[in-house]
Chemist: 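Before anything else, here's the structure in question.
All chains are named by letter (A, B, ...) in the order of the sequence lines, taking the proteins before the strands, and each is independently numbered beginning at 1.
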Amino acid sequence: MADRVGGSDDGDKSEWNSDGEVARSLDGAGSPIAPSRNKLKDAPGPSLLVNGAGPSASLVEDFVGMGLIKGNGDGGAESLLELLLAYKAIGNDPSLDKSSASVCGPRTICDDKDILANWDAHDASTSSDRDHASDDSGDEDFLQGLSQKDEKIESLVRMGFPKDEAEMAIVRCGQDAPMSVLIDLIYSSEASEDGYYGNFSGHEDDSFGGRKEKRKRSEDAEQGSSHDEPMPLPNPMVGFNLPNVSLRSVDRSLPSKAIGPPFFYYENVAIAPKGVWTTISQFLYDIQPEFVDSRFLCAAARKRGYVHNLPIENRSPLLPLPPKTIFEAFPHTKKWWPSWDPRKQFNCLLTSMAKPKLTEQIHHALAKCKDPPPRRVQKYVLETCRTANLVWVGLNKVAHLEPDEMEFLLGFPKDHTRGIGRPERFKSLGNSFHVDTVAYHLSALRDMFPHGMNVLSLFSGIGGAEVALHRLDIRMKTVVSVEISETNRFVLRTWWNQTQTGTLIEITDVQSLTTERLESCIRRIGGFDLVIGGSPCNNLAGRNRFHRDGLEGEQSSLFYHYYRILDTVKSIMGRM
DNA sequence: TGCATTCGGATATTGTCT
DNA sequence: AGACAATATCCGAATGCA
C-alpha cells in the first residue's frame, strides 16, 4: 500500500472509513456525516413542478448575435443571415423523415430490463470502422473538402439528426461553418416543424425580442472586430456565495425560459478560449454562469464554471468541512516541508502524472547545496513543485500525489477508483467534479426532494454528481448515466451497487439518446428532476496544446449533445 | 511586459504475454 | 520474436493578472 497520509505517528488525521464514505475528522473526535443509506421508501411520481417549460425556439437570428458566424469569406454575417432565414422558411420539408435518424451502437447495461429491452431494440452496428485514410488521392483539395463535409455530416447524424437535414445545413452554411451553427440551423427547422420545439405561442414573440436584442449587442460589439464577447471571470472566483461566508447578496433572476423542470447543472473549465462561455451561456437559456474556484472549499484549486437553474438560497456544505490547506490534509508532509516553499494549497489536480524523474532531479539539485538553497535552485524547485503538485515526503524528496490522495481531496470515498489502472485513475480523477463544490450547489435541492429524485447524468465520469447527491443524503430513484469509458462506468457501477438501492441505467454513447428514447424513458420513470453533467473539455483546457479550438472542435460537439438532450427533456416535460 | 496557471496529447520506451 | 499494453518523456500557448 502506498505510504499515504501520515504513518503510525500522530500524523494521519484525515481518514476514510471502510464504508465507502468520506470521513473528515480533523480533531480525531469529530463524527463525520454518514448518510443514512437505503432507508428511504420508494416514492414514485414527479417531485416538483415549477413554471411551464420554456423550450428553445428557432435560433436562426441568434447566430449573428451569438457571434458564432465566423468569416467564411463568402459574404459575411448579413448574407449568411439571409441565407439562414431563407432556409428556415423552406425548412419545413415534410419529406424529411425525422424518425429515420440513424442511431448507432448504444450498449446499454441496466438493471431495468424493460427499459433495457426498449433501448436495445435500437441497437445497431457501430460506425467506428470508418477509415479516413486515403493514400491514392489524386486531388487532395477535393478529397479534403469532401472528407470535411462528410465528417460533419457523420457527426451530426451520430448526434441523432436526420442525414437529410445535416446535408442541407451544410449546403446552406458551407462546410466551414462551425458545428454550433449547423446544429442550431437544424434545430430552427425542427422548431417550426414539430411540436417539440415550436408550438409554444408567445414564446416565439418573446424569443424574437431576445434575438433582436442579441443581434443589437453583437452589432455593438462588432466595432471591435471580434464576435467573441468576453465573459469576465470574477476575482476572487467565489460564485454566488460560499459556505459560512457572507458575501454581497447576489441578485440572480433566472430568465423565464431557464426555469425548470427539470433542474439542470452544467460544468466546464472556467478558463476557456475567448467567447466559449458566452456561447455556452447563450445556449443554456442566457443563464449567468457561476464561476467557483474550489480552493475556497478544499486544499486544491479547481476553477470551474457552472451554468444551472438551481436555487442559490438555503445552500449548506457537506460536513465535516474538508481541510483547506495541505498541512491539514496531509499532516505528515509538514515534517519535510522546507520553509522556503510557501505553498498552502495545491494547484488544479490534473489528469496526468508528472515524470517520476523529477523526484530524482530535485533531490539531486538540493543535495548539492546547503540548507537554504540558493535562490536559483529554490526557484527551479518551486516552479516544478507548483506545476506538478508535488509534496514533500522526505528529506529533499518530493513526490507526486497518489490517486487515493486525489480521491480524498476531491471528496470521493477512499478507494473509489481503486482497481483500475494507475494512469486511468489519474485521468478519471483529474477530469472529475470536486464533490464538495458540486454538493454545495446541489444542497438547495435536498429539502425539495424528500422522496428522492430521478437524475439524467451526462458524461458521468466516475460519478462525481452521484457521489455528491449521495453525500447530501438525497436518494436517487433512477439515474440514467451516459459515460463512454468502460473504466469509468465500472467505477460508478461498483460504487452504486455498494451504496444505492435505486436503479442505475448505463448508456455508453450519448448519440444513442435520441428524442424518442428520452421520451420513452421520461414516460416510464415520470420525468427527470435533475439533468447534470460537465461536457469533456479536451478542446477547452489550457493544457491542451494541440486542439484547443473552443466549441468548434469535433469533440466539443459533446457540449451540443448536452444542450440537445437538455432542451429535449425540457420540451417533453413541458408538455407533461 | 512578465509571471503564473492549466479537467492534454503524440510519441518513445519499457514491460508482459504468447 | 512479435504483438500488445503500460509507462515514461517530451512538448507550448491562451488567458488573466500584477
Chemist: Which one, C/dT7, B/dC7, B/dG9, comes nearest to the side chain of A/Phe546?
Modeler: B/dG9
Chemist: Could you please name the option among B/dT5, B/dG8, C/dC17 that lies closest to any side-chain atom of A/Ala541?
Modeler: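 Of the options given, the side chain of A/Ala541 lies nearest B/dG8.
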Chemist: Give a yes or no on whether a donor-acceptor pair under 3.5 Å exists between the nucleobase atoms of B/dC7, that is its base, and the side chain of A/Arg304.
Modeler: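 Counting by modelled atom types and ignoring angles, a donor-acceptor contact under 3.5 Å is found here.
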Chemist: Taking atom P of C/dA14 as reference, at what distance in whole Å does atom CG of A/Leu233 sit?
Modeler: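 To the nearest whole Å, that distance equals 17 Å.
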Chemist: Would you mind reading off the distance between A/Arg543 atom CZ and B/dT6 atom P, rounded to a whole angstrom?
Modeler: 9 Å
Chemist: How close or far is atom P of C/dA14 from atom CG of A/Asp549, stated in whole angstroms?
Modeler: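 A/Asp549 atom CG is separated from C/dA14 atom P by 13 Å.
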Chemist: So if I apply the ring pair (Phe, Tyr, Trp, His ring centres under 6.0 Å) rule between A/Tyr266 and each of A/Tyr306, A/Tyr563, A/Phe559, which one comes out positive?
Modeler: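 Exactly one candidate clears the test, A/Phe559.
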Chemist: Between B/dC7, C/dG16, C/dT7, spot the one nearest the side chain of A/Val269, thanks.
Modeler: B/dC7
Chemist: Nearest whole angstrom, please: distance from the C1' of C/dT7 to the CZ of A/Arg425.
Modeler: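 Spelled out: CZ on A/Arg425 to C1' on C/dT7 is 16 Å.
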Chemist: Near DNA chain C, counting only heavy atoms under 4.0 Å, which residues of residues 353-363 of chain A show up?
Modeler: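 Within residues 353-363 of chain A, the residues near DNA chain C are A/Lys355, A/Pro356, A/Lys357.
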Chemist: Within this structure, what is the CE-OG distance for the pair A/Met231 and A/Ser281, rounded to the nearest 0.5 Å?
Modeler: 4.5 Å
Chemist: Can you tell me if A/Tyr285 and A/Asp567 form a side-chain donor-acceptor pair at under 3.5 Å?
Modeler: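 Their side chains do contain a donor-acceptor pair, which is all the 3.5 Å distance test asks for.
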Chemist: Expressed in whole Å, how much space separates the P atoms belonging to C/dC17 and B/dC7?
Modeler: 15 Å
Chemist: Reading DNA chain B 5' to 3', how would its secondary structure be written in dot-bracket notation, given Watson-Crick and G-U pairs with both distances under 3.5 Å, brackets [ ] for crossing pairs and | for partners on other strands?
Modeler: ||||||.|||||||||||
Chemist: Base, sugar-phosphate, or nothing for A/Cys537, non-hydrogen atoms under 4.0 angstrom?
Modeler: base
Chemist: Please state how far atom CD in A/Glu424 lies from atom P in B/dC7, giving the value in whole angstrom units.
Modeler: 19 Å
Chemist: Under 4.0 Å between a side-chain N/O of A/Thr351 and OP1 or OP2 of B/dG8, yes or no?
Modeler: yes
Chemist: Pick base, sugar-phosphate or nothing for A/Glu267, based on heavy-atom distances below 4.0 Å to the nucleic acid.
Modeler: base
Chemist: Does any donor atom in the side chain of A/Arg543 or A/Ser352 lie under 3.5 Å from an acceptor atom in the other side chain?
Modeler: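 No donor-acceptor contact under 3.5 Å links the two side chains.
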Chemist: Output the single nucleotide from B/dA10, B/dT5, C/dG16 whose closest atom is nearest the side chain of A/His547.
Modeler: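 Shortest atom-to-atom distance from the side chain points to B/dA10.
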Chemist: Please state the P separation for the pair C/dG12 and B/dA12 - nearest whole angstrom.
Modeler: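 So the two P atoms sit 15 Å from each other.
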